[in-house]
Protein chains: 2
Amino acid sequence: MSVTLKHVAKRAGLSWQTVSKVLNDKGHLFRPETRQRVIDAAREMGYVPNAAARTMRSKKTLQIGLLLRNEEGHRYHNLAAFILLLGINTRLEQNGYLLSVVRMGDLACTGDAKSRVFEERVLDGLIVFGGFSPDVFDWVHSVIPNCIWADTNKWDEYCCLHRDEQQVGRLIAKHILDLGYRRAVWTGGRVDKHSHYSQADRYFGLKDELARHGIELESISSLKRDDNRLIYPELAQHFQPDRVLVAYNTLGAQAILTTGTSMGKSVGWDYGLMCCDETPEVFESWPGLSRVSNDRFEMGYQAAEMMLQLLDNPAQRPVSRKMGNEWIIGNTAWGPHTAR
Amino acid sequence: MSVTLKHVAKRAGLSWQTVSKVLNDKGHLFRPETRQRVIDAAREMGYVPNAAARTMRSKKTLQIGLLLRNEEGHRYHNLAAFILLLGINTRLEQNGYLLSVVRMGDLACTGDAKSRVFEERVLDGLIVFGGFSPDVFDWVHSVIPNCIWADTNKWDEYCCLHRDEQQVGRLIAKHILDLGYRRAVWTGGRVDKHSHYSQADRYFGLKDELARHGIELESISSLKRDDNRLIYPELAQHFQPDRVLVAYNTLGAQAILTTGTSMGKSVGWDYGLMCCDETPEVFESWPGLSRVSNDRFEMGYQAAEMMLQLLDNPAQRPVSRKMGNEWIIGNTAWGPHTAR
DNA sequence: CTGAAAGCGCTTACAG
DNA sequence: CTGAAAGCGCTTACAG
């Protein structure tokens, strides 16, 4: 059906093994006319190497998986993961690797993982992204040995990639202090043992840094409605010019903005707002949000980089990395003296 | 290194070919005890079939590609494509197929396509999404014969999947008429031969349907700034209670809203607004937008369905499909009589 | 019911 | 400089 080395060889009048060597360019050790004959024949016949055959010999599939959480009723939950994917893809492509998306519920180890990647040897490695329970980590790792853990709750010396979330908290604290606020309100919810690491790290990074300067971080709780809208029952009393509200992510920031607007409060003037995170959409929809950067494309790129390193030398696993962040100046917090 | 049939066979005390047959469950034609011995041995040793070897025999890679446009400076342009990807993935997974993301600039045929999928036989088929030039279509098709064209400008009898964009225009027209508007303004830009098919179809579907009822569709032009913000120079004069503005997509709707807000105009009251498209984000950020539905997850699911059909029987290619749309009631257009 | 052989398309030692 | 052989891990006719 498709053109193989043998077909090309027949046309070129050479043995198929010779054709293989010419095409793989083993040291230019052929007569130029022979080379040309082979190359022409291959092109004319539209020869394309069979990846499976090559894989069998080389033991490398040149395929990496990206494991994403597949939450029921949250089809779109992982939108940000796409940027990560593009970053990974961009890096892997350079080395001839392909990227396949694998989705899994959090209970995969109990048997609901259906993807073929767990049943056959198809992947050289797997990049795991986001929140899964420890059991899942162990199970996945036992099936696919070469893993990079990107933004998961796992943190070892090797193979893990995190955003430096404590630094995020400290950055927020620094700007709260620089602007002269004496009251700050955390709106990112209560930290418990099931939390994603970012929640604890942002919270304590912020709290501790503020405490060092004699400011106690206040907190308000939040509710999540069935339709995924965030509600902050105690928010109203904190719309004050002397206060800065700290949102866990842009969704939270948006919810605060909406609530404030409906009460006639103007962000930046009637209250301050800072956000610990950003998403690609915020560049278009709310570039003025005062926030800490979060380049998920870069995270993907680095995760891919670590994966390539790991595959290159599995014995010497890549050292874990923490990605730094920057403060992005916005117009949603100007300090406590700007009441109009 | 990894466990093969031979290792399992040795443990089970059988030939490796027999082990293969048992594991592939060829008609239960083995003694139960033999079967059990094999199955136990395989599990104990953690046997996993080698996909490459299987591929070599079956001539099927069980891999599908998703081709996305890779625009310089538009890293995040294709965010909506992720939902499509999830839809495709969900369907393919059921049949054991893997999905790989492939990105390409629009000039690939001139040589900037770097992905390995164009240089080796790795994919059983390719789903092409979005806007490329006809040259690219031809080139891609010549390299990878089994293609499904999802939301591209290509429209044949077979293998194409479109949203019914003319119906979108007609749906908008219908609701404009139902609400009693006599003036409607298209803000979706001028149609030319490089336009995506959706632009022409939405525009003419709307225009023709309105014309049938004696209403002439007005138009205003738009500019795109360097930072991707949309500007409508002639917009101001159209913020009138007797008028409905029709946006090409949610980005356009957002831009109109922002402009209106800055002029103290209240959407739904001071002017009407309808949108031809929706994105996942709009469910969270602007559920009240009066618009036509666009389920990209479903489009992905159907594209995958067509691909599986094509692979199942390449001789009988799947007939092209047009996906219908629904009107989503919002609060941004109430008819021309609601001026306050 | 089980085993031995052929072959999928390639690469890489080893001969000539 | 070119060719013939072995082998990657599997499946599937064909023997026994």
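We name chains A, B, ... by the order of the sequence lines, and we start the count at 1 in each one.
Listed pair B:S20 / D:dT11 meets the phosphate criterion, a side-chain N or O lying under 4.0 Å from OP1 or OP2. At least one side-chain nitrogen or oxygen of B:K59 sits closer than 4.0 Å to the OP1 or OP2 atom of C:dG9. Residue A:T18 has a polar side-chain atom (N or O) positioned under 4.0 Å from OP1 or OP2 of D:dG3. For the OP1/OP2 pair of D:dA4 and a distance below 4.0 Å, the side-chain nitrogens and oxygens of A:S15 include no atom meeting the criterion. Regarding contacts with the backbone of D:dT11, a side-chain N or O of B:R54 is found under 4.0 angstrom from either OP1 or OP2.
Per the geometry, CG belonging to A:N50 stands 13 Å off C1' belonging to D:dC8, to the nearest Å. Rounded to whole angstrom, the span from the NZ atom of A:K60 across to the P atom of C:dT12 amounts to 14 Å. Computed from coordinates, the A:W16 CH2 to C:dT11 P distance equals 9 Å when rounded to whole Å. Atom CE in A:M56 sits about 13 Å away from atom P in C:dC8, given to the nearest Å. The CD atom of A:E120 sits 11 Å away from the C1' atom of D:dC10 (whole-angstrom rounding). Atom CD of A:Q17 is separated from atom C1' of C:dC10 by 10 Å (rounded to the nearest Å). Computed from coordinates, the A:L23 CG to C:dT12 P distance equals 13 Å when rounded to whole Å. B:L5 places its CG atom 13 Å from the P atom of D:dC8, with the value rounded to the nearest Å.
With contacts defined as side-chain heavy-atom distances shorter than 4.5 Å, the pair A:S198/A:D151 does not qualify. With a 4.5 Å cut-off on side-chain heavy atoms, A:T55 and A:L62 do not count as touching.
Within a 6.0 Å radius of NZ in A:K322, other residues, nucleotides and ligands contribute more than 12 heavy atoms. Residue A:E157 qualifies as open at atom CD: its count of foreign heavy atoms under 6.0 Å is 12 or below.
Checked against D:dG9, C:dA4, C:dT12, the side chain of B:K21 finds its nearest nucleotide in C:dA4.
Relative orientation of the A:Y197 and A:H162 rings is parallel, given thresholds of 30° and 60° on the angle between their planes.
When the nearest nucleotides of DNA chain C are assigned to B:A53 and B:L14 by heavy-atom distance, the more 5′-ward of the two goes with B:L14. For the pair B:G13 and A:K6, nearest-nucleotide mapping onto DNA chain C gives the more 5' position to B:G13.
Annotation for A:M299 and A:L161: closest pair O-CD2, 3.3 Å, computed over non-hydrogen atoms. Between B:L123 and B:T61, the shortest heavy-atom contact is C-OG1, 3.7 Å.
Secondary structure note: stems in DNA chain D built from 3 or more consecutive Watson-Crick or G-U wobble pairs under 3.5 Å occupy C:1-3 with D:14-16, C:5-12 with D:5-12, C:14-16 with D:1-3.
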